[in-house]
Enquirer: 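This structure is in structure tokens; I'll ask about it shortly.
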Amino acid sequence: MHNYMPNSLAGQELLSLNETRQLMREKLTGIVPDVEIEIKAELAYKINQLKAQKNAVILGHNYMEPALYHSVPDFVGDSLELSRISTETDADIILFCGVQFMAETAKILNPDKQVLIPAEKAGCSLAEGISVENIKALRAAYPGAPVVTYINTYADVKAESDYCCTSGNAPAVVQHLFDLGHEHIIFLPDEYLAKNTAADLGVEYLEPILEGAAHTLPNEKCIIGWNARCEVHELFKVEDIHDVRKQFPEVSVIAHPECSPEVVNESDFSGSTKQLIDYVQNVNAKQYLLLTECSMGDNIAAENPDKDMLRLCSFRCPYMNLITMEDTLAALENIQYEVHLDADIIRRARTPIDRMLAIS
Ligand code: 13P
Ligand code: SF4
């Protein structure tokens, strides 16, 4: 196993209700109201019992709300880490506390296991923003250009792609293709991640054109994007950063690369959710302003009680927030909601994911 941060409770022997309550209080007091800790400790206890009985593993994305995040996942992480971990488990059931595209990725990597997600409708605005027909139209417009697809897409879209990437390895994946001699790379579906990746690599970003596109291509390396955005990260504005810097001149601003290039430019650091967590742990700053889903700020604060986290908490991911402890318990009780994918889609979607995992 890699040394991913195991959850503070789940790394231990099966705990009694009192031990569960005690450890959750130690971690979450001051972050979550006491009354909520009491209720959620009971849920955590039941979930961890059932998890052991059913030989399940729980993978939790970094955006999970703090009580869930700190009590039931065996592993927490960003999309890349959780994909890797899903390939290393002996459990019969993978219960994914994250959104649909993440659970689908775990299923693609583990076709013979039961993969469950606690809420059926946990989507993602990026995954909704691109279709198989869109990729086919782009391939026709830019013949020969390889397609790199962000992991925030559904399985049918991955199946049409050459490589996958995540927010943690997008520049490495695109650079790999440049090194193989490709000049023009189609990068889907997140317009902002594509622009931020192009800026990182010092290459031009081109808006996609479906008619007469070949004539617009430069004689040098470039990334051709698409027009989907994360409905949460697109809300952060440069003015927000300026306002906070006025009040806290020494603040370190850290942003997810799904934010606009302007916001990323004004920030001190940008990276995947795991890279943002590592930044706070490893870099000393007076305060930190985290520009991503707000629950993660609570999770970082719980892990780093000595650090001063400022957050703009008006923006929540409505899909990640559908994953509750109640539904996580119901998922194990009723073995719901199982991810089912067509065998041919699984086979074709696996190639771009494997290629990505081999690079980074
Ligand atoms: P990470 O892979 O960085 O965790 O991002 C997933 C995501 O959906 C961010 O909005
Ligand atoms: Fe999708 Fe944005 Fe939610 Fe991440 S934060 S799951 S990219 S909608």
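Read the numbers this way: they start at 1 and go in the same order the structure lists the ligands and their atoms.
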Enquirer: Could you tell me whether Ser272 approaches ligand 1 through its side chain, its backbone, both or neither, with non-hydrogen atoms closer than 4.0 Å?
Expert: both
Enquirer: With a cut-off of 4.0 Å, which atoms of ligand 2 are near a heavy atom of Cys124?
Expert: 1 (Fe), 6 (S), 7 (S)
Enquirer: Does ligand 1 have a heavy atom under 4.0 Å from the side chain of His61, from its backbone, from both, or from neither?
Expert: side chain
Enquirer: Just which atoms of ligand 2 are under 4.0 Å from any heavy atom in Leu126?
Expert: 7 (S)
Enquirer: Do you see a donor-acceptor pair shorter than 3.5 Å between the side chains of Glu128 and Tyr319?
Expert: no
Enquirer: So do the side chains of Glu88 and Phe75 get within less than 4.5 Å of each other, counting heavy atoms only?
Expert: no
Enquirer: Starting from atom 7 (S) of ligand 2, which protein heavy atom do you reach first, and at what distance in Å?
Expert: Glu258 OE1, 3.1 Å
Enquirer: Is there at least one pair of N or O atoms, one from Glu258 and one from ligand 1, spaced under 3.5 Å apart?
Expert: yes
Enquirer: Do you know which two heavy atoms are closest between Ser86 and Ile94, and how far apart they sit?
Expert: O-CD1, 4.1 Å
Enquirer: Output yes when the distance from some N or O of ligand 1 to some N or O of Ser167 is under 3.5 Å, and no in every other case.
Expert: yes
Enquirer: Are any of the side-chain heavy atoms of Pro261 and Tyr192 separated by less than 4.5 Å?
Expert: yes
Enquirer: Does ligand 2 have a heavy atom under 4.0 Å from the side chain of Glu293, from its backbone, from both, or from neither?
Expert: neither
Enquirer: Identify the closest protein heavy atom to atom 2 (Fe) of ligand 2: which residue and atom is it, and at what distance?
Expert: Cys230 SG, 2.3 Å
Enquirer: Compare every heavy atom of Ile47 with every heavy atom of Met325, then report the nearest pair and how far apart it is.
Expert: O-CD1, 3.5 Å
Enquirer: Taking 4.0 angstrom as the limit, do Glu38 and Arg25 come out as a salt bridge?
Expert: yes
Enquirer: Residue-level breakdown please: for His256 versus ligand 1, do any non-hydrogen atoms fall below 4.0 Å on the side chain, on the backbone, on both, or on neither?
Expert: side chain
Enquirer: Can a non-hydrogen atom of Lys274 be found less than 4.0 Å from any atom of ligand 1?
Expert: no
Enquirer: Tell me the closest heavy-atom pair linking Cys222 and Leu217, and the distance in Å.
Expert: SG-CD2, 4.2 Å
Enquirer: Going by the order shown, which atoms of ligand 2 are within less than 4.0 Å of some heavy atom of Ser125?
Expert: 8 (S)
Enquirer: Is there a polar contact between ligand 1 and Thr273, counting only N or O atoms under 3.5 Å apart?
Expert: yes
Enquirer: So does Lys46 have more than 12 non-hydrogen atoms from other groups sitting under 6.0 Å from NZ?
Expert: no
Enquirer: Does the side chain of Lys307 reach to within under 4.5 Å of the side chain of Tyr288, using non-hydrogen atoms?
Expert: yes
Enquirer: Identify, by atom number and element, the atoms of ligand 2 in contact range of Asn152, meaning under 4.0 Å from any of its heavy atoms.
Expert: 7 (S)
Enquirer: Indicate whether the side chain of Glu303 and that of Tyr69 have a donor and an acceptor atom separated by less than 3.5 Å.
Expert: no
Enquirer: So that I can check it, does any N, O or S atom in Cys317 come closer than 2.8 Å to atom 3 (Fe) of ligand 2?
Expert: yes
Enquirer: Return the residue, atom name and 0.1 Å-rounded distance of the protein heavy atom closest to atom 2 (O) of ligand 1.
Expert: Ser79 OG, 2.6 Å
Enquirer: Is Asn152 in contact with ligand 1, taking contact as a heavy-atom separation below 4.0 Å?
Expert: yes
Enquirer: Salt bridge between Asp240 and Lys237, side-chain N to carboxylate O under 4.0 Å?
Expert: no
